[in-house]
Protein chains: 2
Amino acid sequence: MLKDRRNPAPASAQPLPPFPLYRLVGGGLDLACGGEIRHVHKNTDIIIAGRHYQALFVNHGGWLFRYKILHNGDRQIMDFILPGQIFGLQACLFKTALYSVAAATDVLLSSVSLEAIDRVFEDNPPLARALFWSAACESAIIAEHLIDTARRSAYERVSHFLLELLVRLKATGVVEGMSFEMPLTQELIGGALGLTTVHVNRTLRALREDGLIAIEGRRVTILDFEALSLICDFDSSYLGEAARTLRGEMAPSGPAAQPRRHIRSAVPPSRLI
Amino acid sequence: MLKDRRNPAPASAQPLPPFPLYRLVGGGLDLACGGEIRHVHKNTDIIIAGRHYQALFVNHGGWLFRYKILHNGDRQIMDFILPGQIFGLQACLFKTALYSVAAATDVLLSSVSLEAIDRVFEDNPPLARALFWSAACESAIIAEHLIDTARRSAYERVSHFLLELLVRLKATGVVEGMSFEMPLTQELIGGALGLTTVHVNRTLRALREDGLIAIEGRRVTILDFEALSLICDFDSSYLGEAARTLRGEMAPSGPAAQPRRHIRSAVPPSRLI
DNA sequence: CGCCTAATTGAACCCGGTCAACCTTAGTGG
DNA sequence: CCACTAAGGTTGACCGGGTTCAATTAGGCG
């Protein structure tokens, strides 16, 4: 479809759009949505690796995740798709989708048929730019996940994971203070972090016992943002523009808490080159 | 500068360019290079995380790598930048570069100043498309590295790593048969795969003893492409278009060799959902 | 021929996986 | 109202792949 009613706002050379297309719908750019919003049930696959796709999806509510099944049956989750985010871009670009996308919760979706992605670059520069920025941020998120699994201990990984969720959800406006709803099973968390359910459980307990987080039901509360950030050297800049404005508001100061537990090594900063 | 002499070639809606911009220079698109080619010595940083950049770089020869140093001193290598590849795009997009880029060998570079990346989308759709496709492929490579570190054993990781290099280098034309020069120390390999030097060494030895690869000096020879592919379920499709044309030519057939050694599990394909 | 970097190899240790049991919660139907 | 069920959370015991520490050997180069 692509109704091509451009953004009413000046198509000037304003800085890149705020977040990876989060809140893009109804916000700055209007993606000229296909219209009707579809309801999709939990555990349904939206995109299946190996098939070809010609449309993007907009997530209007609920959580999804991008994943891949290996030949040994393991499932690696690349990242989670939060409300307001688009997905399915990669599936369009490659002849065949590299990864599957499934709903972690019940989800509200609309699709945006991009007849030929090619055209976008000639016809709709603002959209092209938005897509590009979106892809860059997603790429950065995955890169950070790479660091997670390659360099961080389980304790650090889970810390990093929760902080990332906090900051990303903050951008969608569903964070109250320092707590948010996390509709994920420990199996999904483990699937994303390269850990087993058992160990995710143990690690969450450790974080709780250390007074860094609190969990009641599905609600997670970050009790000590600074300490957690130190533990896993979390730097939200990889999450894009929007994150930057949050920094001040998030860090409640407090003396640099000493990270404890199996931190992989305590090499002094001098080794930082 | 951006001399803005557009691509003389038709700006038609031809399919996406072949590879992540590999061989882009002198090939299809002319990036309007800044001109002079700079020689950079091994171990020099080209891009430094935290600084801001306004230009892309083209690698005309030699290997580089994108990396990040963690607070504990660990260095994670995100990916290697091979001859013909461009880099520094992400550094331009974000206010400040997320990762550093250093030369693994002596390197020949030219830079492409893109005064404002913004402009590209309005002014030069073909370039925009090329950049986009490049970013998508790089993202896919990193995603595969994520799977490496999260789900694969050391034996599988190293296998996967070598196969990826083979396929990517094939696209640059420096592969002779099934062998190629790999100017990397085991420390660099470990830095990319999330392993210690020691274990990289042991794993390479195991692969050699199993008759899967051979190493003489810096030259690596893949002795059994099929077996290695099975071990780490390597599927080159994530490397983009170009890879696809290689498949037939690479697999020298041979019965599906049975992967040995500590494969994490030998669940029959039935469990593949 | 020394010097430095990289490659090798050995031995001890430990984080996280594996296996297995048990508990909690929510939903369902009689 | 409660028994029954299934999915997810929790915990313990043990094991092993990969790290760590440390020492030795090869390779390139002035």
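Just so it is clear: chains get the letters A, B, ... in the order the sequence lines come, proteins before strands, and each one is counted from 1.
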Could you say whether A/Val200 or B/Asn43 is positioned toward the 5' end of DNA chain C, judged by the nucleotide with the nearest heavy atom to each?
-> B/Asn43
How are the rings of A/His160 and A/Tyr238 set to each other: parallel, tilted or perpendicular (split at 30° and 60°)?
-> parallel
Between B/Val200 and B/Phe161, is any pair of side-chain heavy atoms under 4.5 Å apart?
-> no
Which whole-number value in Å describes the distance from A/Arg151 CZ to D/dT19 C1'?
-> 12 Å
Verdict with reasoning, A/Arg219 to A/Glu181, per salt bridge (Lys or Arg N to Asp or Glu O under 4.0 Å) | CA-CA 4 Å; A/Arg219 175 156 288 270; A/Glu181 294 290 329; 3.0 Å; yes
Indicate whether OP1 or OP2 belonging to C/dT9 is found under 4.0 Å from a side-chain N or O atom of B/Arg202.
-> no
At under 4.0 Å, does any side-chain N or O of A/Thr196 touch on OP1 or OP2 of C/dG17?
-> yes
With the side chain defined as heavy atoms from C-beta on, B/Leu195 is closest, among C/dG16, D/dG18, C/dT8, to D/dG18
Within the structure, does a side-chain N or O atom of A/Gln186 lie under 4.0 Å from either OP1 or OP2 of D/dT10?
-> yes
From CD1 of B/Ile189 across to P of C/dA6 the rounded distance in Å is 12 Å
CG of B/Asp74 versus C1' of D/dG18: gap in Å, rounded?
-> 14 Å
Nearest-angstrom distance from the residue atom NE2 of A/His199 to C1' of C/dC14 | 11 Å
Whole-Å distance between C/dA7 C1' and B/Leu184 CG?
-> 14 Å
A/Arg208, nearest nucleotide to its side chain (from D/dT10, D/dT20, C/dG16) = D/dT10
note: B/Leu193, atom CG; D/dG17, atom P; distance rounded to Å ~ 18 Å
Hey, is the side chain of A/Arg218 poking within less than 4.0 Å of OP1 or OP2 on D/dG9, counting only N and O atoms?
-> yes
Kindly say if A/Asn201 contacts the phosphate of D/dT10, meaning a side-chain N or O under 4.0 Å from OP1 or OP2.
-> yes
NA contact type, B/Thr185, heavy-atom cut-off 4.0 Å: base, sugar-phosphate, or nothing?
-> sugar-phosphate
Provide, to the nearest angstrom, the distance between the CD atom belonging to B/Glu187 and the P atom belonging to C/dA6.
-> 7 Å
Rounded off to whole Å, could you give me the CG-to-P distance for the B/Asp148 and D/dG17 pair?
-> 19 Å
Over 12 foreign heavy atoms within 6.0 Å of CZ, A/Arg51 = no
Scan A/Gly194 against the nucleic acid and name what it touches under 4.0 Å (heavy atoms): base, sugar-phosphate only, or nothing.
-> sugar-phosphate
Test applied, salt bridge (Lys or Arg N to Asp or Glu O under 4.0 Å); reference residue, A/Glu144; option that passes from A/Arg157, A/Arg151, A/Arg152 | A/Arg152
